[in-house]
2 protein chains.
Amino acid sequence: MATKGIQSRNRQEVTARILAAAERVFAEFGYAGASISRIAAQAGIPKSNVVYYFETKELLYRRVVGEIFDIWRAAADSITVDNDPIQALGDYIDTKLDLARTRPYGSKVWANEIIQRAPIVQDYLEDELRSWTEDRIVVIEAWIARGQIRPISARHLLYAIWATTQHYADFTHQITTLNEGVELTNRQWDETKSAVKDLLLRGVEKHGGV
Amino acid sequence: MATKGIQSRNRQEVTARILAAAERVFAEFGYAGASISRIAAQAGIPKSNVVYYFETKELLYRRVVGEIFDIWRAAADSITVDNDPIQALGDYIDTKLDLARTRPYGSKVWANEIIQRAPIVQDYLEDELRSWTEDRIVVIEAWIARGQIRPISARHLLYAIWATTQHYADFTHQITTLNEGVELTNRQWDETKSAVKDLLLRGVEKHGGV
DNA sequence: AAAAATGTTGACCGATCGTGCAGAAATCAT
DNA sequence: ATGATTTCTGCACGATCGGTCAACATTTTT
């Protein structure tokens, strides 16, 4: 038989396509609603082949969640004591909004998992997310102690940034519907970045005038 | 046979219990993962009885979504041109955070539905949510035209309020985990309200000083 | 009290689910 | 070229799903 067109030849390529298909299907149908056969169809391969590479649905799901978690963690690299607070937080918001646009499915998978009380990835929360969050809170509070920003609640500032940026990924469909049914343009995404930074960081700046 | 203990006698009581059980189960397992038998078990009645009152899973689901939508809509009653902007928006945030605490399951059902591109309630979005949103934007822009608040983006302000307040409902599990595994106390909920209003409304106030 | 209407329930159906498994096909090692 | 290893796939399984239905219980109407 001739080479099968779409079908790729090596392990890495196939697993990558399965992971991409799984991220999308898990996002659009939830964990329970995402059947292996639907993921396989999305990837263009038989169901059994998905199982061959990932063994179980749960293991495949954990790989998808782990990927998006790592990406988000890297997005906060700018939040360190030595960077300028407004610049660093602004970069963080920009990066997360870029991710909301380019990787919306991963954000949705994460949201689904947390909404359902993290039945699969609770260990992620308790190990990695907890210490990661505490580290960032320490940085923000150091900024406050130095008098670089207003004494806001570091924790709630982080939550507000997460909530707002991820909203543009998780609720894309609602936002599109309220945008007369068409996806946001490049210009509108730029306006979104400006508006979010304006709204969230004006409460943080020390000398924010009118 | 003697009366069956938990089992109630009239239509209204049974349907109310089914709706409450369904809201919870739909939130915790998603639409696909929420089986009728699990909803029935949560309500303490046989599966067939759920079907008797609501006919299909989809019709039951629409009733649940419709309920939470009506509640949210009522929460924005304070947003009118004649009210003080900061007071009105602050009340809206307070009310939505109260709802995040008292009706978290409804918020989660809504989030799940939008994440999955509103396969069931798209008509809600296009009919009711769209006009409702435009009305509120008109009010906020009237405040700006009158010079009562800074010229921020009304639309993105609404989105930020939605995102942040609903985050405390949808991501309760994550917030609890980051709170050493214990639910927020009354005091912490009060702090949340203050922090959210401080962060979001300082960017709105016209004469927000340091 | 008889009849009608309403409420309740367990048994059952076809479809789909996740997964195990045997064997075919392809690739690699010698 | 031949055997070993890896990759790929169709089939079968027990379980669970949403929904139907007929029988039974209760309440309401006459």
Side-chain angles (χ1 to χ4, degrees), chain A residues 1-19 21-65 109 112-113 116 119-120, chain B residues 1-19 21-65 109 112-113 116 119-120:
Chain A
M1 181 191 295
T3 43
K4 289 212 185 161
I6 312 171
Q7 194 161 336
S8 61
R9 219 177 272 106
N10 63 71
R11 185 180 200 101
Q12 176 129 359
E13 243 181 274
V14 178
T15 55
R17 180 158 61 233
I18 294 172
L19 282 170
E23 182 171 306
R24 176 167 181 170
V25 175
F26 278 129
E28 292 189 335
F29 299 92
Y31 181 79
S35 64
I36 297 180
S37 54
R38 189 137 38 185
I39 293 170
Q42 178 74 34
I45 60 177
K47 181 173 82 162
S48 306
N49 208 355
V50 175
V51 179
Y52 171 72
Y53 279 111
F54 292 93
E55 302 215 67
T56 68
K57 179 176 168 179
E58 180 175 328
L59 285 174
L60 171 57
Y61 180 76
R62 287 184 66 89
R63 286 281 299 275
V64 171
V65 173
V109 172
N112 263 325
E113 171 70 5
Q116 295 175 22
I120 313 285
Chain B
M1 182 193 292
T3 43
K4 287 210 183 167
I6 312 170
Q7 194 160 337
S8 61
R9 219 175 275 109
N10 64 70
R11 186 178 200 102
Q12 175 130 358
E13 242 181 274
V14 178
T15 55
R17 181 158 58 232
I18 294 173
L19 282 170
E23 182 171 308
R24 176 168 182 168
V25 174
F26 278 129
E28 291 188 336
F29 298 92
Y31 181 79
S35 64
I36 298 179
S37 53
R38 190 139 38 188
I39 293 170
Q42 178 72 36
I45 59 176
K47 180 176 82 161
S48 307
N49 209 353
V50 174
V51 179
Y52 172 73
Y53 279 109
F54 293 91
E55 301 213 66
T56 69
K57 181 175 165 178
E58 180 175 327
L59 285 174
L60 171 56
Y61 179 77
R62 287 185 66 90
R63 285 282 301 273
V64 170
V65 173
V109 172
N112 264 324
E113 172 70 4
Q116 295 175 21
I120 313 286

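F54(B) has its CZ atom 12 Å from the P atom of dT8(C), to the nearest Å. Regarding I45(B), its CD1 atom lies at a distance of 12 Å from the P atom of dG10(C), rounded to whole Å. Taking atom CG of L59(B) as the reference point, atom P of dG18(D) lies 14 Å away to the nearest angstrom. Note: NZ (K47(A)) to P (dA12(D)) measures 13 Å, nearest angstrom. Counting to the nearest Å, the P atom of dT6(D) and the CD atom of E13(A) are 20 Å from each other. The distance between atom CG of L60(A) and atom C1' of dT19(C), rounded to the nearest whole Å, is 14 Å. Summarising the geometry, the separation between CD on E55(A) and P on dT6(D) is reported as 14 Å, rounded to the nearest angstrom. One atom, CG of N49(A), and another, C1' of dA25(C), lie 12 Å apart when rounded to the nearest Å.
In this structure, of dT19(C), dT9(C), dG10(D), it is dT19(C) that holds the atom nearest to the side chain of T56(A). Among the nucleotides dT6(D), dT19(C), dT20(D), the one closest to the side chain of I36(A) is dT19(C).
Contact check, Y53(A) against dC8(D): a side-chain N or O comes under 4.0 Å of OP1 or OP2. Under 4.0 angstrom from either OP1 or OP2 of dC8(D) there lies no side-chain N or O belonging to S48(A). Side-chain N/O atoms of Y52(B) include one lying less than 4.0 angstrom from OP1 or OP2 on dG7(C). Between S37(B) and dC17(D) there is a side-chain polar atom (N or O) within less than 4.0 angstrom of OP1 or OP2. In this model, the phosphate group of dG7(C) is approached by a side-chain N or O of R11(B) to a distance below 4.0 Å at OP1 or OP2.
When all heavy atoms of I39(A) and I18(A) are compared, the pair lying nearest together is CG2-O, 4.2 Å.
Applying the 6.0 Å contact sphere to CZ of R63(A) captures no more than 12 heavy atoms from other residues, nucleotides or ligands.
Between the E58(B) side chain and the I120(B) main chain, no donor and acceptor come within less than 3.5 Å of each other.
Contact of the V65(B) side chain with the F26(B) side chain is not registered, since no non-hydrogen atoms from C-beta on lie closer than 4.5 Å.
Distance check: R17(B) CZ to E13(B) CD gives 7.0 Å after rounding to the nearest 0.5 Å.
With the nearest nucleotide of DNA chain D identified for both A34(B) and V50(A), V50(A) has the one nearer the 5' end.
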